Amino acid sequence: QVQVRESGGGLVHPGESLRLSCLASGSLFSIYTMGWYRQAPGNQRELVAQITGGGTTNYAESVKGRFTIYRDVAKNTVLLQMNSLNPEDTAVYYCYCFNTGTWGQGTQVTVSS
């Protein structure tokens, strides 16, 4: 049973950066496809970025060139580096394990001047 837990959210100004972390349990973490979703008030949850066990990444068009997803296998962690944040990035961000269908509890990211 995989469990995931997010951290790193917060309040930042437009143009600033944040890095989200998702700590996963389980010995098969390194081969799982992991992703970050986000949900803003009134909107559906949307995929922001995902990374396969082989390291292939995929991004939503709205974050390409600004966000980077990567994995620290030694720490069982998948990270999301978010640069050049803007108010439209404000949402609750969720970590998701595609192989097991496991969601984290979410972490709030607020971008406001």
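Note that the structure is predicted; figures quoted are calculated from it, not measured.
- Each salt bridge (Lys or Arg N to Asp or Glu O under 4.0 Å) pair with one or both residues in residues 100-109, not counting sequence neighbours, would appear here, but there are none.
- Legend: salt bridge (Lys or Arg N to Asp or Glu O under 4.0 Å) pairs involving residues 15-28, not counting sequence neighbours: none detected.
- Geometrically, Arg71 does not engage Tyr32 in a cation-pi contact, judged by NZ or CZ lying under 6.0 Å from the ring centre and within 45° of the ring axis.
- Residues Val78 and Cys22 form a side-chain contact, since some pair of their non-hydrogen atoms from C-beta on lies under 4.5 Å apart.
- Here the OG atom belonging to Ser21 is positioned 9.0 Å from the CG atom belonging to Asp72, to the nearest 0.5 angstrom.
- For Ser17, the side chain to side chain contact (heavy atoms under 4.5 Å, CB included) criterion is met by Gln81, Asn83, not counting sequence neighbours.
- The shortest distance between side-chain heavy atoms of Leu23 and Gln3 does not fall below 4.5 Å.
- Taking the disulfide (SG to SG under 2.5 Å) definition, one finds that Cys97 meets it with nothing, sequence neighbours left out.
- Using a 4.5 Å cut-off between side-chain heavy atoms of Ile, Leu, Val, Met, Phe, Trp and Tyr, with links allowed through other members, Phe29 and Val2 fall into the same hydrophobic cluster.
- Within the 3.5 Å criterion, the main-chain N or O of Val111 finds no donor-acceptor partner in the side chain of Asp89.
- Judged as a salt bridge (Lys or Arg N to Asp or Glu O under 4.0 Å), not a single pair has a partner in residues 101-113 (not counting sequence neighbours).
- Taken from CE in Met34 to OG1 in Thr102, the straight-line distance is 8.0 Å, to the nearest 0.5 Å.
- Residues Ser113 and Pro14 share a closest heavy-atom pair of N-CD, 3.7 Å.
- Remark: Tyr37 pairs with Tyr96, Trp103 by the ring-ring contact (aromatic ring centres under 6.0 Å, His included) rule, at least two apart or across chains.
- Linking Ile, Leu, Val, Met, Phe, Trp and Tyr residues whenever their side-chain heavy atoms come within less than 4.5 Å leaves Phe98 and Val48 in two separate clusters.
- Between atom CG of residue Leu85 and atom CD of residue Glu88 there is a gap of 11.0 Å, rounded to the nearest 0.5 Å.
- Qualifying side chain to side chain donor-acceptor pair (under 3.5 Å) partners for Thr33, counting only residues two or more places apart in sequence or in other chains: none.
- Here the straight-line distance linking atom OH of Tyr94 with atom CG of Leu20 works out to 13.0 Å at 0.5 Å rounding.
- Here the side chain of Thr77 pairs a donor or acceptor atom with the backbone of Lys75 at under 3.5 angstrom.
- A distance-only check finds no donor-acceptor pair linking the side chain of Ser84 to the backbone of Gly15 [under 3.5 Å].
- In this structure, Leu79 belongs to a hydrophobic cluster whose other members, linked by side-chain heavy atoms under 4.5 Å apart, are Tyr70.
- For Thr107, there are no side chain to side chain donor-acceptor pair (under 3.5 Å) partners at least two apart in sequence or on another chain.
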In a table with atom names and distances, give each donor-acceptor pair under 3.5 Å that connects a side chain of residues 56-63 to protein atoms at least two apart or in another chain.
| unit_1 | atom_1 | unit_2 | atom_2 | d |
| --- | --- | --- | --- | --- |
| Tyr59 | OH | Ile69 | N | 2.9 |
| Glu61 | OE2 | Lys64 | NZ | 2.8 |
| Ser62 | OG | Arg38 | NH2 | 3.4 |

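- Between Pro87 and Ser112 the shortest side-chain heavy-atom distance does not fall below 4.5 Å.
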For residues 5-12, please give each side-chain donor-acceptor pair under 3.5 Å, one per line with the distance, not counting sequence neighbours.
| unit_1 | atom_1 | unit_2 | atom_2 | d |
| --- | --- | --- | --- | --- |
| Glu6 | OE1 | Gln105 | N | 3.1 |
| Glu6 | OE1 | Gln105 | NE2 | 3.4 |
| Glu6 | OE1 | Gly106 | N | 3.0 |
| Glu6 | OE2 | Cys95 | N | 2.7 |
| Glu6 | OE2 | Gly106 | N | 3.2 |

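- Gln108 meets the side chain to side chain donor-acceptor pair (under 3.5 Å) test with Thr110; sequence neighbours excluded.
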